[in-house]
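Each remark here refers to the structure printed beneath this line.
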Amino acid sequence: MYEDGLMRPGLPDAASVKEEMLKKYPPKVARKRSKQIILNKVQENQDVPEVLANSRTIPGILTMRGCAYAGCKGVVLGPTRDILQIVHGPIGCSFYAWLTRRNQTRPKDLESVNYMPYALSTDMQEDEIIFGGEKKLKKAIEEAIKIFNPKAIGIFSTCPVGLIGDDVHAVAREMEEKFPGVNIFGFSCEGYKGVSQSAGHHIANNKVFTDVVGQLDKPKDGNFRLNILGEYNIGGDAFEIERIVELCGLDLHSTFSGNSEYDEFASAHTADLNVVMCHRSINYLAEMMEQKYGIPWFKVNFVGAEATAKSFRKIAQYFGDAKLIERTEKTIALEMEEVAKVRDDVRKRCQGKLAMLFVGGSRAHHYQELFREIGMETLSAGYEFAHRDDYEGRKVLPSIVIDADTRNIEELTVTPDETRYNPRKSEAELQAMKNDGFEFADYEGMMPDMLNKSLIIDDLNHHEAEILIEKYKPDIFCAGIKEKYVVQKSGIPMKQLHSYDYSGPYAGFKGAINFYKEIDRLVNSRMFKLVKAPWNESPELAATYNWKS
Ligand code: CFM
C-alpha cells in the first residue's frame, strides 16, 4: 500500500489542478468531466474511486481517441501477416492505417506470405456512395484472390459502408461460395460503431472467434503450449517475448496478433493456456475460448523486467512441471544480471523524476512498472478508451452500467463445444491452485497500483494536457503522435508509447534495458529546456467559449 500524498515538495495539489481544468468548461461539460478526472485513493481492500469511462467524447473537445475501424482493422487484425485485409471504404481510411503503428512481422521462411506491406482498399467514390458499393467489393475480392491466392480474407467496413447499407457479410458468403478454398469474413467495424476504438476490439474478437478460431484441429508440438493474447509486436516486442518463451522451454502456439499467421489462429483452441497481455483489447476472446474450449486464462505483463519475470514464473507454475520451473528460474536469473546492471546505473540519474502516461487502454498502466524500476513515479495517468475494469479492476464488472453505445456491439452467447470442450484443469485442480493464491481470469486494474492523490484522467484532451504540463512540469510525458509536438514545444521530453517513436522493443528483459537507456537520455537531456514555444514568442489570438446554460 502506498503512502498518502504526492510526492515532491512544491507540486501543486491535485484537487486544485482538477479545478483549474474544469474552470474553463460550461457547467454541463464540467459535470461530466469531473467524473472522468479522479483523485486516486486506494483503500485497504484495493477499492478505488469510480471513474466514468467508455463514454462518448463531448463534441468540440480535442480528444486523443481513434475510431472503431482503427480498433478492429488496425489493432487486432492488422498485425496478422497472411489474412488479406480489404478495406471497404474511401482511400483515406486505408492510407492512414498503413503500418503507422509499427507492428512488425517475421515470415517463417521464404515461402511464407506477408501481406502487411500492402494496403488494399475498394477506394469508394461518389458513385458507390450513391448506388452502393457491393459490386465493387466483389470485384476487389476476385481481383485480390487472383493476385494473391490467400487462405483468408477479412473485409473491414468504414463509416460510409454502414451509412449506405452495403452488406459485407452477404458479400463474404457469396464470395466464399465462389471461392470455397478461401475463408472470407466481414467486420461491421464502421468507425462510428462505438465511442472509441474499443468497440472495434470487441467486433474483431467476435469475428475471429466465430470464423477463424477452431477451423483447424491441428495442435502444434510441445508439452507447454500456450497462446499469448493481446500482444501486437509494436517495435518488435513479440520477438523479444518469443525469445524468452523459447529460453524457458515453453511452446508458443499463437500470438493474437503480433507476428502471427492465420493457421495459428485457426488452431489456437488446441493450446492449453491463454495468457492475456492487453486486457482491454482481447479479454473477450479469452473469455469465449474458455467457455467454448475450456482453456483457462490469466493476465500477464511483459512490460517491465520484474513484471516479465513474475509472468513467466506464473506460466511455469500453471504447467507445474519441475524442469520447466527450474529452466524458467535459470533464464530469469541470467537475464536479470544485465538488466540489473543497466537499471542500477540509470536509476542514479532518474530517481525521483516524474512521468505522465496517457495511452490507449493498457500501456498507461503497464509502463508505470518500467518507470518504477528506474526510480520514477507516475503522478498522472489515464487511458483513451479503457473501461472501468481497466481502471478499477475486474471486480467492478458486475456494477458496470451497459449503455446504448455498448449495447450496439453484439455480445455472443457461447456454449461449450460438443466435441472439443476439454477443461485443461479439473475443478479440483483449479480450486487447489486458487487456494494457493493463483489468480485466473483476473485483472486488478491501474488505479490500485498508483499513488494516492495521483490524478487519473479518462479520455484526456488537449486543454487538460496543457494544464497538466503547465502545473506539474513533468520530467517526461508519454502519449501519441497527436500530442507529441505540443508537448515538446512546451519544453517537456515526450515519448510515444504507441509506436515507440523509432525504437523498441520495450517488452521483456532486453526491452526493459532499451527503455531504461532511452528514458535516461530523454529526461536528462537539457535540449528540451532550451526550447522556446512559438506561442511564447509571438502573440496569438485567444478566445473563450460562448455558451448558454
Ligand atoms: Fe492494447 Fe495495444 Fe493498448 Fe490497444 Fe492501441 Fe497500441 Fe495502445 Mo496505440 S491494443 S489498448 S488500441 S496495448 S494501438 S498496441 S499503443 S492505443 S495502450
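Because the structure is predicted, anything quoted here is derived from the model rather than measured. When a ligand or atom number is given, it counts from 1 through the structure's own listing order.
Glu190 places no side-chain N or O within donor-acceptor distance of the main-chain N or O of Ser157, the cut-off being under 3.5 Å.
Looking at Lys35 and Asp458, no side-chain N of the basic residue comes within less than 4.0 Å of a carboxylate O on the acidic one, giving no salt bridge. Of the charged side-chain nitrogens involved, none lies within less than 4.0 Å of a carboxylate oxygen, so that Asp405 and Lys193 do not count as a salt-bridged pair.
Every atom of ligand 1 with a heavy atom of Gly360 under 4.0 Å away is listed here by number and element: 7 (Fe), 16 (S), 17 (S). Heavy-atom proximity to Val75, at under 4.0 Å, picks out these atoms of ligand 1: 9 (S), 11 (S), 13 (S). With ligand atoms numbered from 1 in the order given, ligand 1 contributes 1 (Fe), 9 (S), 10 (S), 12 (S) to contacts under 4.0 Å with heavy atoms of Cys278. Of all atoms in ligand 1, numbered sequentially from 1 with element shown, those under 4.0 Å from a heavy atom of Gly361 are 3 (Fe), 10 (S), 17 (S). Here is the list of ligand 1 atoms found below 4.0 Å of a heavy atom in Ser281: 1 (Fe), 9 (S). Of all atoms in ligand 1, listed by their number and element, those nearer than 4.0 Å to a heavy atom of His201 are 11 (S).
Residue contacts with ligand 1, taken as heavy atom pairs separated by less than 4.0 Å, involve Ser362 via backbone and side-chain atoms alike. At a heavy-atom cutoff of 4.0 Å, ligand 1 is contacted by the side chain of Ile234 but not by its backbone.
The protein non-hydrogen atom at the shortest distance from atom 4 (Fe) of ligand 1 is Phe385 CZ, 3.8 Å.
Comparing Arg101, Arg65, His498 by heavy-atom distance to atom 13 (S) of ligand 1, the nearest is Arg101.
Note on ligand 1: Gly71 sits outside its first shell, no heavy atom being nearer than 4.0 Å. Heavy-atom separations between Tyr383 and ligand 1 are all 4.0 Å or longer.
Classified by interplanar angle (parallel below 30°, tilted 30° to 60°, perpendicular above 60°), the ring pair Tyr284/His202 is parallel. Between His279 and Trp297, the angle of the ring planes lies from 30° to 60°, which puts this pair in the tilted group.
In this structure, the ring of Phe187 has its center less than 6.0 angstrom from the ring center of Phe185.
Each ring pair (Phe, Tyr, Trp, His ring centres under 6.0 Å) pair with one or both residues in residues 358-382, not counting sequence neighbours, appears once here: Phe358-Phe477, His365-Tyr443, Tyr367-Phe515, Phe371-Phe515.
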What verdict does the salt bridge (Lys or Arg N to Asp or Glu O under 4.0 Å) test give for Asp263 and Lys151, after you've listed the backbone C-alpha separation in whole Å, the side-chain angles of each residue and the deciding distance to 0.1 Å? CA-CA 9 Å; Asp263 282 356; Lys151 282 183 185 166; 2.8 Å; yes
